[in-house]
Amino acid sequence: MEKRKFDISSAGLHIFAMIFMLMDHMWATVFTNAGWLTAVGRLAYPIFAFMIVEGYTHTRNLKKYVLRLLLFALISEIPFNLMTGNSVIYYVHQNVLFTFLIGIGLIHINELARKKEKLWLTAFTMAATTALGFVLGFVTFVDYNAAGVLTVLLFYFFRGRKWWCYLGQLAGLYYINVELLKGLFFEVELFGHSFEIVQQGLAMLSLAFIWLYRGRQGKKSKAFQYFCYAFYPAHMLILWLVSVLINR
């Protein structure tokens with residue numbers, strides 16, 4: 001019997017991404033001095049963005065998939081506002097599920113263009129949706145702004161397990177996280193020399209998890225599916241409440 005290669009299932013990726021996200025949000029609310037939490041948390045978003053593309057590709061009912069995301073985006077908005085702005089209403093920052101909804105809409109436009117089987121139309125649509133995603137990410141104030149939408153499109157455009165897909169994902173994540181997002185730096189001592197590393201660049205390490213995914217779904221149940229959705233608003237609300245109690 002041929003020995004199966006080690007891989008990470010879809011369910012496994014969701015669990016890893018939720019853990020990384022929890023660590024990042026724990027830093028943002030409760031353990032604000034533990035910088036290592038947000039450093040590890042950088043791995044969460046690319047994994048979620050990758051899984052959104054997989055979700056679009058494998059869903060049997062796109063309308064239900066989008067409506068489910070929209071429902072939890074609306075449910076999550078108040079917990080997100082409380083966690084990020086300490087207010088029920090916080091106009092300048094929308095939760096990440098809205099980022100994913102924009103990404104799904106742009107993916108669908110590309111899919112419609114591909115069905116026409118005209119190379120020039122496919123290429124034009126890819127360029128146009130990339131530009132549109134960049135603009136929409138900024139004007140809608142969604143989480144991760146333009147970089148977040150572009151990350152979803154990146155995993156869509158370079159979906160697959162060919163060498164050029166891996167190279168595209170690597171180069172794309174480097175540009176998005178190191179050049180576009182940048183953010184905090186931290187110093188590393190190596191052989192007596194100091195180097196500054198962009199903390200957001202640690203998001204590239206998420207590819208180690210993503211590349212171990214080979215299409216296996218893993219645990220499949222409605223309970224687990226809705227747990228993954230509910231985890232997002234629930235953990236933000238809990239962390240906000242804990243931070244309020246600590247700071248009283």
query: Are Phe209 and Phe20 near enough that their ring centres are under 6.0 Å apart?
result: yes
task: Would you name the heavy atoms of Ile47 and Leu13 that are closest together and state the gap between them?
output: CG2-O, 3.6 Å
Residue pair Ala113 / Thr122: nearest heavy atoms and the distance that separates them: O-OG1, 4.0 Å
- prompt: So, are Arg214 and Asp7 salt-bridged, with charged N and O less than 4.0 Å apart?
  reply: no
field: Heavy-atom side-chain proximity of Phe155 to Met51 below 4.5 angstrom
entry: no
message: Would you say that Phe50 contacts Arg159 through its side chain, given a criterion of any heavy-atom pair below 4.5 Å between the two side chains?
response: no
query: Is there side-chain contact between Phe98 and Leu74, with at least one heavy-atom pair below 4.5 Å?
result: yes
statement: Closest non-hydrogen atoms of Arg216 and Ile8, given as atom of the first, atom of the second and distance, are NH2-C, 4.3 Å
- prompt: Is Glu54 close to Ser10 at the side-chain level, that is, under 4.5 Å between some pair of heavy atoms?
  reply: no
- request: Would you check, one step at a time, whether the test side-chain hydrogen bond (donor to acceptor under 3.5 Å, both in side chains) holds for Asn95 with Ser76?
  value: CA-CA 7 Å; Asn95 74 74; Ser76 301; 5.0 Å; no
query: Short question: side chain of Gln94, backbone of Tyr91 - any donor-acceptor pair under 3.5 Å?
result: yes
- prompt: Just by modelled atom types, is the Phe231 backbone N or O under 3.5 Å from a matching donor or acceptor in the His235 side chain?
  reply: yes
Give every donor-acceptor pair under 3.5 Å between a side-chain atom in residues 169-177 and any protein atom, sequence neighbours left out.
{"unit_1": "Gln169", "atom_1": "OE1", "unit_2": "Trp211", "atom_2": "NE1", "d": "2.8"}
{"unit_1": "Gln169", "atom_1": "NE2", "unit_2": "Phe158", "atom_2": "O", "d": "2.9"}
{"unit_1": "Asn177", "atom_1": "OD1", "unit_2": "Gln200", "atom_2": "NE2", "d": "2.8"}
{"unit_1": "Asn177", "atom_1": "ND2", "unit_2": "Leu173", "atom_2": "O", "d": "2.8"}

- prompt: Should Leu43 and Phe16 count as side-chain neighbours, where that means a heavy-atom distance under 4.5 Å?
  reply: no
- prompt: Considering only heavy atoms from C-beta outward, does the side chain of Phe141 approach that of His93 to under 4.5 Å?
  reply: no
message: With a 4.5 Å cut-off on side-chain heavy-atom distances among I, L, V, M, F, W and Y, is there a chain of contacts connecting Leu82 to Ile89?
response: yes
- prompt: In the single-linkage hydrophobic clustering (I, L, V, M, F, W, Y; side-chain heavy atoms under 4.5 Å), do Val40 and Leu202 co-cluster?
  reply: yes
- request: Supply the atom-to-atom distance Met83 CE to Thr29 OG1, rounded to the nearest 0.5 angstrom.
  value: 7.0 Å
message: Between Phe100 and Tyr45 (judged by ring centroids, cut-off 6.0 Å), do the two rings come close enough to count as a pair?
response: yes
task: Determine whether Tyr56 and Leu112 fall in the same hydrophobic cluster, where Ile, Leu, Val, Met, Phe, Trp and Tyr are linked whenever their side-chain heavy atoms lie under 4.5 Å apart.
output: no
message: Please find the pair of heavy atoms, one from Gly133 and one from Leu106, that lie closest to each other, and give the distance.
response: CA-CD1, 3.5 Å
query: Do Trp27 and Asn33 have side-chain atoms, one donor and one acceptor, less than 3.5 Å apart?
result: no
- request: Please examine the side chains of Leu237 and Phe80, heavy atoms only from C-beta on, and report whether any two atoms are closer than 4.5 Å.
  value: no
Leu239 reachable from Leu241 in the ILVMFWY side-chain graph, under 4.5 Å edges: no
task: Verify whether one side chain among Ser87 and Asn81 offers a donor that lies under 3.5 Å from an acceptor in the other.
output: no
- prompt: Which residue pairs pass the ring-ring contact (aromatic ring centres under 6.0 Å, His included) test with at least one member in residues 58-79, sequence neighbours excluded?
  reply: Phe72-Tyr229
query: Tyr90: what forms a side-chain hydrogen bond (donor to acceptor under 3.5 Å, both in side chains) with it, not counting sequence neighbours?
result: none
Pairwise distance CG(Leu154) to OG1(Thr130) - rounded to 0.5 angstrom: 9.5 Å
- prompt: Thr99 and Asp143: side-chain donor and acceptor closer than 3.5 Å?
  reply: no
Distance-minimising heavy-atom pair for Ser243 and Asn247: O-ND2, 2.8 Å
statement: In terms of heavy-atom contacts, Ala44 and Met21 come closest through CB-N, 3.6 Å
message: So does Gly41 get a backbone contact from the side chain of Thr38, meaning a donor-acceptor N/O pair under 3.5 Å?
response: no
